[in-house]
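Please read these numbers as outputs of a predicted model, since none were measured by experiment.
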Amino acid sequence: MILRNIGIIASETSRSHIYLKKLIDSELIPNYCIYLENLTNETLPGQLSHNQKKLTDILNSNNISFTSVNSTDSNSEKVYDARMYRSEEVFIYSGYGGAILREKILNSGKKFLHIHGGYLPDYKGSTCNYYSFLNDKEFGASSIFLSEKIDSGPILFRKKFIPPSDLKSVDHEYDSEIRSEVLIETLKKYIHKKIWSFDLNTNSAGETYYIIHPLLKHIAYLKR
Amino acid sequence: MYNYTEKNILDHPQSYMYSSFYGEIFIDKYYENRRSFVKKLSKFDEHQDNQHEIWNISLAPFTKFKGDVDKFQFVSEEMKSADYSVLRRIDTSNNQEFCTYDNLLSMLEYSCAYPKKSIKFIKEDLDFLVQKFEVSKKIFEFYNLKEKTKSGSYSNVKVYYLFAVLVSVQYFLSKNLKYLNTIIKLVDLFISLENSNLIKKIPSNNLINLIEFENVSIKYLIEK
């Protein structure tokens, strides 16, 4: 099934790769992709290595039309322009790690579907699932439409997960796996109800966390 | 392996993103890093400005800790004996700059006078500074919230020290891991300044108490 109303902003990250794979496996094909190409020699946050299979190969082999943008910055004019003239109203957002969409993009009339790695509204911010594991021994993921305040948009769907047996797989595999599961559930719910419905309209409480220090990350690994 | 303190973090901020897993030895290396710095501290020259009030602001030595968390005396006697009842708040509607040092001092005094109440009443203002530090790895001497500007120096080590003491007290009171995360990054910052004169503005014993607090907090978390 091609999702005519939905596009994806994807990057050369393990998360974008897993998102696309799961979408294709679930036969939920985005109508269009804006591909943020990394033409630098630098490995960007979220990027596993320069040697992994190119995202464009997956797009081509599945006949997903795309525009390759020579920019890794989701807020760049090139990305803005590539998206503005498209008919899709909603874009699944999967840019490079650490990027935050700015006001101009957020107010451009499109919606950005983001899958947050943490159970909202309790865990906002970055690397939440390590904190969630240290506090409660559980993981979570939640789908939201991005808003100006970080991780505070209304919650479309959220789910708790059992942590993996080996936390070393979290950054590049497990985190993306659980996010993609929530992404698929969110899209299925949308298709079934024919509207975007929310599990929780208010998402104002909770705690905002910041990139976990490697020491706390190691403690989490060793506690597993 | 524990290479987060090798370069001056004020000049070369650490992102701490996507850190690798090294196993249990990483935790040993962390302790080694702290022990080595504490050893060097004892050899530092006497500080030039020992009349500054920072001299009296210190976490109490952990030797006073006897297993009962509620009875732990978390600041020095000098801080406890004063009468602090007015909490200076960051006024978001005010177009005037606020002085970070003065506000931190007020929050710390309030935390000493009203430990339990302080968790709730200073959270918003403290979290504003935690966010500033976590995102940019810097804290400026002045902020204007309405204009969204900052001014003054970001190298005032007394501001970072006061911030570290306050975050430690609030971690002790709330057990909120986001504060422990910030403490570890602040101690990394202090150690990274080892070769600069900046660190000599803070009394060695005060830094030792801070590191001891961090060490014990880590041990508790590992054993929890």
| message | Using a 3.5 Å distance criterion without hydrogens, assess whether the side chain of A:His213 forms a donor-acceptor pair with backbone atoms of B:Tyr16. | response | no
| note | Max heavy-atom pairs within cutoff under 4.5 Å with chain B, candidates A:Val170, A:Ile219, A:Leu167, goes to A:Ile219
| task | Heavy-atom pairs under 4.5 Å with chain A are the metric here; pick the option from B:Lys123, B:Glu24, B:Lys29, B:Glu134 that has the most. | result | B:Glu134
| note | Scored by heavy-atom pairs under 4.5 Å with chain A, the best of B:Leu180, B:Asn176, B:Val135 is B:Asn176
Taking side chain as everything from C-beta outward and backbone as N, CA, C, O, which of these in [X] sits under 4.5 Å from a heavy atom of chain A? Side chain, backbone, both or neither.
X: B:Lys224; result: both
X: B:Tyr22; result: both
X: B:Tyr30; result: side chain
X: B:Thr182; result: neither
X: B:Gln14; result: neither

Could you tell me whether [X] and [Y] have a side-chain N and a carboxylate O separated by less than 4.0 Å?
X: A:Glu185; Y: A:Lys159; result: no
X: A:Asp25; Y: A:Lys21; result: yes
X: B:Arg34; Y: B:Asp188; result: yes

| Proximal to chain B - members of residues 122-141 of chain A, heavy-atom separation under 4.5 Å | A:Tyr131, A:Leu134, A:Asn135
| query | How would you list, in number order, the residues of residues 199-208 of chain A that have a heavy atom less than 4.5 Å from chain B? | reply | A:Glu207, A:Thr208
Is any side-chain heavy atom of [X] less than 4.5 Å from a side-chain heavy atom of [Y]?
X: A:Tyr119; Y: A:Phe161; result: no
X: B:Phe163; Y: B:Thr100; result: no
X: B:Tyr18; Y: A:His172; result: yes

| request: Answer yes or no: are there more than 12 heavy-atom neighbours, outside A:Ile150 itself, under 6.0 Å from its atom CD1? | output: no
| Charged tip of B:Lys138 within 45° of B:Tyr154 ring normal and under 6.0 Å | yes
| Axial cation check for B:Phe172 ring with B:Lys175, 6.0 Å and 45° limits | yes
| task | Kindly write out the residues that satisfy ring-ring contact (aromatic ring centres under 6.0 Å, His included) with A:Tyr93, not counting sequence neighbours, or none if the list is empty. | result | none
| field | salt bridge (Lys or Arg N to Asp or Glu O under 4.0 Å) against B:Lys219, all qualifying residues, sequence neighbours excluded | value | none
| task | Could you tell me if the ring centre of B:Phe128 sits under 6.0 Å from that of B:Tyr143? | result | yes
